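First comes the structure, then the notes that go with it.
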Amino acid sequence: MSNTLSETSNTTQRYTITAALPYTNGPIHIGHLAGVYVPADIYSRYLRLRGHDVAFICGSDEHGVAIPMKAKKEGVSPQEVIDKYHKIIKDSFEDFGISFDNYSRTSSQIHHQTASDFFKKLYDQGEFIEEVTEQLYDREAHQFLADRFVTGTCPRCGNEEAYGDQCESCGSSLNATDLINPKSTLTGSKPVLKETRHWFLPLDRYESFLRTWILEGHKNDWKPNVYGQVKSWIDEGLKPRAVTRDLDWGIPVPVAGAEGKVLYVWFDAPIGYISSTKEWAAREGKDWEPYWKDKNTKLVHFIGKDNIVFHCIIFPSMLNVHGDFILPENVPANEFLNLEGNKLSTSKNWAVWLHEYLEEFPDKQDVLRYALTANAPETKDNDFTWKDFQARNNNELVAIFGNFINRVVVLTNKYYEGIVPEPGTFTETDREVLGELKSFPEALGNSMERYRFREASQILMNVARLGNKYLADEEPWKVIKNDPERVKTIMYVALQIASALAVLSEPILPFTSEKLRKMLDQEGDQKLNWNELSTMETLLPAGKQINTATLLFTKIEDSEVAHQLQKLENTKKMNEAANKTVEPQKETATFEDFSKMDLRTGTILEAEKMPKANKLLILKVDTGIDTRTIVSGIAQSFKPEDIIGKKVTVLVNLAPRKLRGVMSEGMILMTENAEGKLVFVNPDEDGVTNGTVIS
RNA sequence: GGCGAGGUAGCUCAGUUGGUUAGAGCGUCGGAUUCAUAACCCGGAGGCCACGGGUUCAAAUCCCGUCCUCGCUACCA
């Protein structure tokens with residue numbers, strides 16, 4: 001019997017596997033699971049089964065401006081926010097069977113120390129650029145204001161409630177210093193400009209390192225989506241990036257004169273992988289350093305595609321200039337998962353929340369793991385539907401996997417009172433089937449090691465298919481009538497397949513694997529490991545007493561799917577209702593204010609796309625007064641040829657403004673329909689001539 | 001607009017150092033079977049491989065152009 005496993009994968013290897021730190025401003029949903037935690041867990045479990053030395057590391061990301069923002073909104077302290085979500089997240093991961101060796105949090109003392117030391121070392125090496133800029137400062141609160149903490153009038157659309165980073169009325173992205181009449185949301189006072197010093201990581205200096213390491217070194221072993229994204233960033237030109245913020249929530253900048261400043265959350269978060277490893281090692285009485293410093297250790301980051309730049313460019317640059325650390329071997333980032341055709345959204349509550357799933361589908365962790373793996377967004381965005389979830393369960397887990405185990409165990413109990421029979425002479429078919437069985441560990445392992453978990457889930461199912469086919473072909477229930485001796489061999493072979501399934505299913509279906517091991521009495525020292533599947537002649541020895549059959553999976557009824565769909569439908573309705581809440585009336589305008597605005601009816605004469613812009617159309621409008629050029633950001637709602645001749649309402653005396661080099665003399669009045677599509681505001685009867693005053 | 005990723009069967013996806021009739025699972029239709037959660041097993045139908053050019057003896061695969069989806073980025077009522 002030849003050992004089909006490759007030599008390299010049989011030698012023990014040290015792995016440090018990280019899963020993106022979840023941000024503690026909301027619970028975990030299926031998008032996070034499919035993209036990061038399920039694949040990372042499958043990979044980690046697989047490597048452990050192969051006997052490798054694995055540190056599977058994660059923790060809560062608890063810094064950043066969004067935490068105090070949320071705290072303020074809910075009227076609680078930032079600490080209460082992070083404690084709440086840290087607990088929800090940690091508990092739901094545990095219930096779900098994500099096998100982290102350590103789940104830490106970035107508010108921990110060990111992390112503060114580690115991140116602080118990391119910064120200090122780079123600072124002492126002179127890696128940072130220091131720069132002084134003017135930022136808005138709240139004199140009453142004695143602190144600088146992050147963009148989100150400033151509101152004011154949007155310079156573009158006049159909305160008086162625009163945030164410092166973005167106007168939610170017109171969608172413009174802004175700088176806080178652009179706002180007219182800025183107001184601090186902390187105290188309501190008017191912020192002033194004040195100089196502040198910050199430290200920047202000069203990414204531009206690391207370009208050649210990144211090009212050599214990734215673009216040349218990982219051209220073939222990194223996923224195309226990851227490689228392409230990285231190349232795109234590098235080719236666009238890297239710029240120095242601020243690694244400090246004026247904020248009172250986070251890790252203080254460990255430098256004299258940096259009071260009131262903290263490390264930028266994206267600087268400290270990935271260091272959390274290191275501190276979490278330290279925490280684990282201390283608890284386990286191990287040395288953490290080889291996991292981060294030994295050249296033979298393989299470091300793998302599991303993340304979603306939104307994190308590519310941080311894990312492929314910024315963090316490796318930090319590790320590299322620090323000097324002591326190894327670089328990631330791979331960053332198998334996944335794309336995004338959608339839910340029933342729409343993007344997942346925490347704020348819109350468009351999600352399947354893990355903690356809710358665990359309550360509503362008790363003891364069905366593996367079903368979700370399987371459904372998310374079989375339909376994982378490995379190469380492109382994918383859609384999760386409850387119908388698919390049901391089909392994966394009923395047609396694959398129940399009908400193929402569960403059914404095979406059930407028939408084998410039921411027959412064994414029926415014919416032999418649960419004792420594994422002594423096989424006779426193997427037929428050609430028996431030998432072929434057993435031979436094929438021995439090839440699965442390698443095939444499955446290959447998929448795992450190439451991060452192709454979707455493929456792995458199908459290969460696993462093929463093991464059960466092999467078993468079902470073997471039983472269908474050999475028909476022991478018929479043979480028992482005239483050749484009971486032969487049936488012993490058949491059942492023995494079928495039991496070997498069941499036994500292999502107990503091991504092979506562990507990475508993807510850990511709960512099922514455990515139940516199956518119990519059923520086959522393969523626990524404790526009876527427990528087989530992955531490598532033995534191909535080398536051992538006998539997986540389940542004759543004479544062994546197994547237990548009676550219990551169902552591994554149960555059907556999911558249409559009513560359960562309907563219930564979940566109804567839940568989402570309700571969310572949609574709630575969102576619609578929320579969108580209907582009309583904006584509050586603005587403060588009173590005098591008649592004089594209104595009469596300043598000169599509104600006229602007009603007609604669009606010409607329309608063309610603004611070159612090199614996505615949203616802009618250049619319009620020629622007959623205003624009755626003249627024919628003038630107006631640049632309007634409506635290109636995503638209308639094609640130029642469709643709006644020629646359209647009657648419109650024009651604000652003609654708006655101060656002219658240059659947009660992308662074209663002078664725009666006026667504004668077309670628009671509103672929006674329920675789908676967010678723009679709609680012209682225009683006279684609804686014909687015969688109104690251009691230039692007619694609107695009053 | 002720039003850059004990146006994707007566009008293959010009704011659905012979800014494999015498949016590119018170019019090479020015989022393009023694959024899998026699910027769904028569908030038919031057959032067989034009854035040990036098993038009416039499940040399993042066998043077979044059939046179903047594809048101008050987004051579109052248009054080009055290179056080649058040969059293109060899903062390489063080149064050029066176009067369209068669509070997603071992301072980043074620019075820009076924006």
Side-chain angles (χ1 to χ4, degrees), chain A residues 154 156-159 167 169-173 223-237 304-306 308-309 333 335-336 338 343 371 374-385 387-388 391-392 394-415 447 452 454-455 457-459 461-462 464-465 467-480 487 490-491 494 549-555 609-617 630-637 657 659-661 664 667-672 678:
Chain A
C154 172
R156 302 270 161 70
C157 72
N159 167 31
C167 171
S169 172
C170 71
S172 308
S173 51
K223 292 171 65 166
N225 57 335
V226 177
Y227 184 89
Q229 188 65 48
V230 169
K231 188 171 185 310
S232 175
W233 275 86
I234 295 176
D235 287 347
E236 263 173 48
K305 69 172 162 184
D306 50 329
I308 291 174
V309 63
E335 301 285 300
F336 287 155
N338 295 323
K343 283 176 199 179
N375 193 28
E378 284 175 1
T379 54
K380 61 177 175 187
D381 290 1
N382 254 335
D383 198 24
F384 176 93
T385 64
K387 195 165 167 282
D388 179 73
R392 293 286 180 194
N394 293 359
N395 302 334
E396 299 183 31
L397 292 176
V398 174
I400 297 170
F401 193 119
N403 186 37
F404 168 66
I405 297 303
N406 193 48
R407 18 193 344 205
V408 173
V409 176
V410 164
L411 285 177
T412 304
N413 277 288
K414 196 172 187 173
Y415 298 155
S447 294
R452 298 171 74 140
R454 173 201 278 275
E455 182 179 83
S457 70
Q458 291 313 299
I459 293 175
M461 204 47 68
N462 286 341
R465 287 196 172 97
N468 277 321
K469 181 168 166 48
Y470 178 73
L471 285 183
D473 289 348
E474 297 305 315
E475 302 178 303
W477 50 90
K478 268 189 186 169
V479 177
I480 194 81
V487 173
I490 296 170
M491 291 316 299
T550 54
L551 297 183
L552 292 176
F553 302 101
T554 54
K555 285 209 160 191
K609 281 207 71 178
M610 170 81 78
K612 300 188 176 192
N614 240 358
K615 300 187 181 175
L616 297 181
L617 292 184
I630 295 176
V631 179
S632 188
I634 57 174
Q636 290 183 323
S637 294
R657 183 190 160 95
L659 295 168
R660 291 230 129 208
S664 177
M667 188 165 107
I668 311 279
L669 266 51
M670 309 293 301
T671 186
E672 208 175 87
L678 294 175

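Treat the numbers as computed from the prediction; the structure is a model and nothing was measured. Each chain gets a letter, A, B and so on, in the order its sequence line appears, and its residues count up from 1.
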Rounded distance in Å between the P positions of B/rC35 and B/rC26: 24 Å
Test ring-ring contact (aromatic ring centres under 6.0 Å, His included) applied to A/Phe404 - qualifying residues, sequence neighbours left out: none
Side-chain N,O (A/Arg465) to OP1/OP2 (B/rC42) below 4.0 Å: no
Atom pair distance, as rounded to whole Å: CD1 in A/Ile630 and C1' in B/rA77: 12 Å
Euclidean distance, atom CD of residue A/Glu396 to atom C1' of B/rG25 [Å, nearest integer]: 6 Å
Phosphate contact (B/rC76 OP1 or OP2) by A/Ser664 side-chain N/O below 4.0 Å: no
Pairwise N/O distances under 3.5 Å, protein to nucleotides 69-72 of chain B:
residue	atom	partner	partner atom	Å
B/rC70	O2'	A/Lys305	NZ	3.4
B/rC70	O2'	A/Asp381	OD2	2.6
B/rG71	OP1	A/Lys343	NZ	2.1

Side-chain N or O of A/Arg407 closer than 4.0 Å to phosphate OP1/OP2 of B/rU33: no
Sugar-phosphate only, base, or nothing, as touched by A/Leu551 at under 4.0 Å among non-hydrogen atoms: base
Contacts of A/Tyr470 that satisfy ring-ring contact (aromatic ring centres under 6.0 Å, His included) - sequence neighbours left out: none
Distance in angstrom units between A/Leu471 CG and B/rA32 C1', rounded: 16 Å
Show me the protein contacts with nucleotides 27-30 of chain B, counting only N or O atoms at under 3.5 Å.
residue	atom	partner	partner atom	Å
B/rG27	OP1	A/Asn395	OD1	3.4
B/rG27	OP1	A/Asn395	ND2	3.1

Sidechain N-carboxylate O distance under 4.0 Å for A/Asp381, A/Lys343: no
Show me the side-chain donor-acceptor pairs of residues 471-478 of chain A shorter than 3.5 Å, one per line, residues at least two apart or across chains.
residue	atom	partner	partner atom	Å
A/Asp473	OD2	A/Lys469	NZ	3.2
A/Glu474	OE1	A/Arg486	NH2	3.0
A/Glu475	OE2	A/Lys478	NZ	3.4

Donor-acceptor under 3.5 Å (A/Thr412 side chain, A/Val408 main chain): yes
Residue whose nearest RNA chain B nucleotide is more 5′ - A/Leu411 or A/Pro224: A/Pro224
Distance test, side-chain N/O of A/Lys469 to OP1/OP2 of B/rC42, below 4.0 Å: yes
Donor on one side chain, acceptor on other, A/Arg465 and A/Asn462, under 3.5 Å: yes
Rounded distance in Å - NZ (A/Lys555) to P (B/rU37): 11 Å
Sugar-phosphate only, base, or nothing, as touched by A/Phe553 at under 4.0 Å among non-hydrogen atoms: base
Set of side-chain hydrogen bond (donor to acceptor under 3.5 Å, both in side chains) partners for A/Asn225, sequence neighbours left out: A/Glu335
